[in-house]
Amino acid sequence: MSSPPPSLNPAQLEAVHYLQGPCLVLAGAGSGKTRVITHKIARLLQAGYQPGQIAAITFTNKAAEEMRERAKALVGPRAAKHLVISTFHSLGVKLLRADGQRLGLKEKFSILDSDDVLSILRDAGSTTDAALARRWQWTISLWKNQGLSSDQAEAAVQNDDERVAARVMRLYEERLLAYQAVDFDDLIGLPLKLLQRDDEARAKWQDTLRYVLVDEYQDTNAVQYELLKALVGERAMFTAVGDDDQSIYGWRGATIENLKRLPQEYPQLKVIPLEQNYRSTGSILRAANNVIAANPKIFEKKLWSEYGDGDPVRVVECDNEEHEAERAVARIQSIRAGATTQAPAEWSDFAILYRANHQARMLEQALRKAQIPYKVSGGQSFFDRAEIKDLCGWLRLLVNNDDDPAFLRAVTTPKRGIGHQTLGHLGEFSAKWKVSLFEALFADSLSTAVNARAIGSLHEFGRYVNDLEYRFRHTVGSEDAKPVLMEWLKEIGYEQHLYDGEDNEKIAANRWQNVLDFIDWVARRCGGQLETEGGVTEETERKSILDVAQSISVILSLAERGGDPNVVTLSTLHASKGLEWPHVVLAGVNEGLLPFKSEDEEMTAQRLEEERRLMYVGITRARTTLAVSTLKRRKKGREFVQGIPSRFIGEMKLDEKTMKEDPREKLKALRAEFAKRAAQAKAA
DNA sequence: CCTTAACATCTTTTT
DNA sequence: GATGTTAAGG
């Protein structure tokens, strides 16, 4: 954060102190919206609200965590502990855990992650085509985010693809019901259903959560909007904080309509714009304002700053992607060494932002070549791979037999003759008797729900899990752990499973290698005599495989946090929202890329406007310097085609002199200078 | 006709 | 880097 002033400005004060009714805070980029929310929480406490009566809702866990930290600093740990600060989804979980039974949901319903969903869809639609299943998942999710049931979706289908998707959705919903499982979208939709249909529950929750604050309101979808409405009820005590100019998730179901509807549905709505920016220089803000001015406005808002103009925004024309990456690297090196008016910078002061993930490749290459440390944000980790999640599912089941999603994953991978029929019956049975799927396995009365043959397979599976658990509990130290783990893989036939599920042998082999790496990783953590890099052996505490399995989730969440190392950030524009850096480079700002144009989809005005907001988000990430680079030639097919600078560059209305100013010679000299310095450093 | 290897083509992503 | 597509060859 750039140093915010010690006290709130008049607009922020007004937003914080307005408690009389519904309130919409239009928080421009860098205008201190988190500050407003946390101060408003403090104000509410002061006004007599109990901590547990105040809910602050965010979109990501990260945002929720940060907000809780900031609130804690303001109101103290005791009050902060009881504040309801969570994502829409975890609030949904809270409601469903408490009152889901009123919808006929069992108490310990399972929450499926998107991999679980994908495999159910593949099974329900009987296809091995992962891409097709993913398209279904996509459409079904969009439907659900619009509040459509499978019936309604079926009635509204436009084409054959959608017709099939709707049919799969019906099967999918039946399957979820039988398993007593919900997906992420249900975590919003079902609580809404609860509040709409159950007067008692509605009264209870409206009485519990007496004031609701929503962060990033422009990202809400239709169902989230309805949930908010149901939650605040007639009293309508809420504050929505958002910025229509930063709405970039339309493709995910978020709708700006929610912003337009707010003043219509709540005529008494108090609208407070926050226009003073505490982040960026005048030049950067001017460029941002100019770009967004081309969009139609819902609410008038123009950012301003007390900071001086600072360095002009640069436009860097590059020959091709490779050249662009070099230029970005050269720029970073020269700024870091203090080649601008700014003070020398850390690596972590830099970010290179781009429209699409694949653009990161060249940039990574160039950074590696220049030996600059970097991280690619949003790159999925080792543990997100399907094969690793499969095995983690098994381990989770061993650690906690009642983990139903883990049960479902383990019992179906690899396939062991227990199909969805059997699992459906088992799910119904477990819901009826309020036990976990695993507990249901050994219930005497299970024979009333499942046929004898299936019971045989189920018992066999249950016994195997118990047996494995026993072995893993008593295997200690990495030397012993590895063979036991390998034996496990052999017993469940996992290698075969990988090769069966994939036509391409290379890919399967690659996955198997990942599995072996994972086994090594787990075994190493069992401790004992370990060889470290220098060939030195080291004695560490010995743990059982089960102990390690138990700590995996902790290790993972710690790894996520893992401090903030001093590295350059590469990120998509989408993933950059909410973050800021002193020095930002926007890469590949060309027609076709940003605004993105797809071959088979028409560029509507709406689409273009969202692309423009994306550009706006990118510009406003920068605090002191901003460079926008374009490609003169773009690779398309085997030939280069001419690259056209994005229309957004024109819209920034930069000075003529800024556009041209980028002496190639100077950069060359700088690069030579750095090569020299590097050589010297190496020699010394 | 089927297999393989070179080749081109990449949206955006959280829960 | 992964995934579908096309052209060549068996």
Within the structure shown, what part of the strands sits under 4.0 Å from Arg607(A) by heavy-atom distance: base, sugar-phosphate, or nothing? base
What's the closest nucleotide to the Glu611(A) side chain, out of dG4(C), dT13(B), dT11(B)? dT11(B)
With side-chain contact (heavy atoms from CB on, under 4.5 Å) as the test, pick out the partner of Tyr616(A) among Asp243(A), Ile248(A), Asn295(A), Leu573(A). Asp243(A)
Tell me whether the side-chain N/O atoms of Thr572(A) come closer than 4.0 Å to OP1 or OP2 in dT13(B). yes
Identify which nucleotide among dT11(B), dT15(B), dG4(C) has an atom closest to any side-chain atom of Ala356(A), counting heavy atoms from C-beta outward. dT11(B)
Working for side chain to side chain contact (heavy atoms under 4.5 Å, CB included), residues Asn145(A) and Gln224(A): CA-CA 8 Å; Asn145(A) 284 331; Gln224(A) 285 160 338; over 6 Å; no
With a 4.0 Å limit, can you tell me whether Asn357(A) has a side-chain N or O closer than that to the phosphate oxygens OP1/OP2 of dA2(C)? no
Would you please test Lys144(A) and Asp183(A) for salt bridge (charged side-chain N to carboxylate O under 4.0 Å, His left out) and show each step? CA-CA 10 Å; Lys144(A) 290 179 100 161; Asp183(A) 64 20; 2.7 Å; yes
Measure from CD on Glu609(A) to C1' on dT12(B) and round the result to the nearest Å. 17 Å
Indicate, with a heavy-atom threshold strictly under 4.0 Å, whether Asn61(A) touches base, sugar-phosphate, or nothing. sugar-phosphate
Grab the CD1-P distance between Ile111(A) and dT14(B) for me, whole Å please. 18 Å
Between C1' on dT15(B) and CG on Leu227(A), what's the gap in Å once rounded to a whole number? 14 Å
Can you tell which of dT13(B), dT15(B), dT11(B) lies closest to the side chain of His574(A)? dT13(B)
Side chains of Trp143(A) and Asp185(A): any donor to acceptor distance under 3.5 Å? no
Nearest-Å distance for atom pair CG/P, residues Asp215(A) and dT14(B): 16 Å
Here the pair of heavy atoms bringing Ala366(A) nearest to Val329(A) is CB-CG2, 3.8 Å
Between atom CG in Asn221(A) and atom P in dT14(B), what is the gap in whole Å? 16 Å
Counting any heavy atom closer than 4.0 Å, what does Gln359(A) reach on the DNA or RNA strands: base, sugar-phosphate only, or nothing? nothing
How far apart are the C-alpha atoms of His89(A) and Phe59(A), what are their side-chain angles, what is the distance that settles it, and do they pass the ring-ring contact (aromatic ring centres under 6.0 Å, His included) test? CA-CA 8 Å; His89(A) 297 268; Phe59(A) 273 84; 8.0 Å; no
Does His358(A) lie flat on the base of dC10(B), that is, centres under 5.5 Å apart and planes under 30° off? yes
Under 3.5 Å, is there an N or O donor on one side and an acceptor on the other linking the side chain of Arg252(A) and the base of dT15(B)? no
How long is the line joining CZ of Arg135(A) and P of dT12(B), in whole Å? 16 Å
According to a cutoff of under 5.5 Å between the ring centres and under 30° between the ring planes, does Trp251(A) stack with the base of dT12(B)? yes
Whole-Å distance separating the NZ atom of Lys94(A) from the C1' atom of dT15(B): 18 Å
When rounded to whole Å, the CZ to P distance for the pair Arg134(A) and dG4(C) reads 9 Å
Testing dT11(B), dT15(B), dT13(B) for proximity to the side chain of Thr87(A), the answer is dT15(B)
Would you mind calling dT11(B) syn or anti? Take O4'-C1'-N9-C4 for purines or O4'-C1'-N1-C2 for pyrimidines, and syn is within 90° of 0. syn
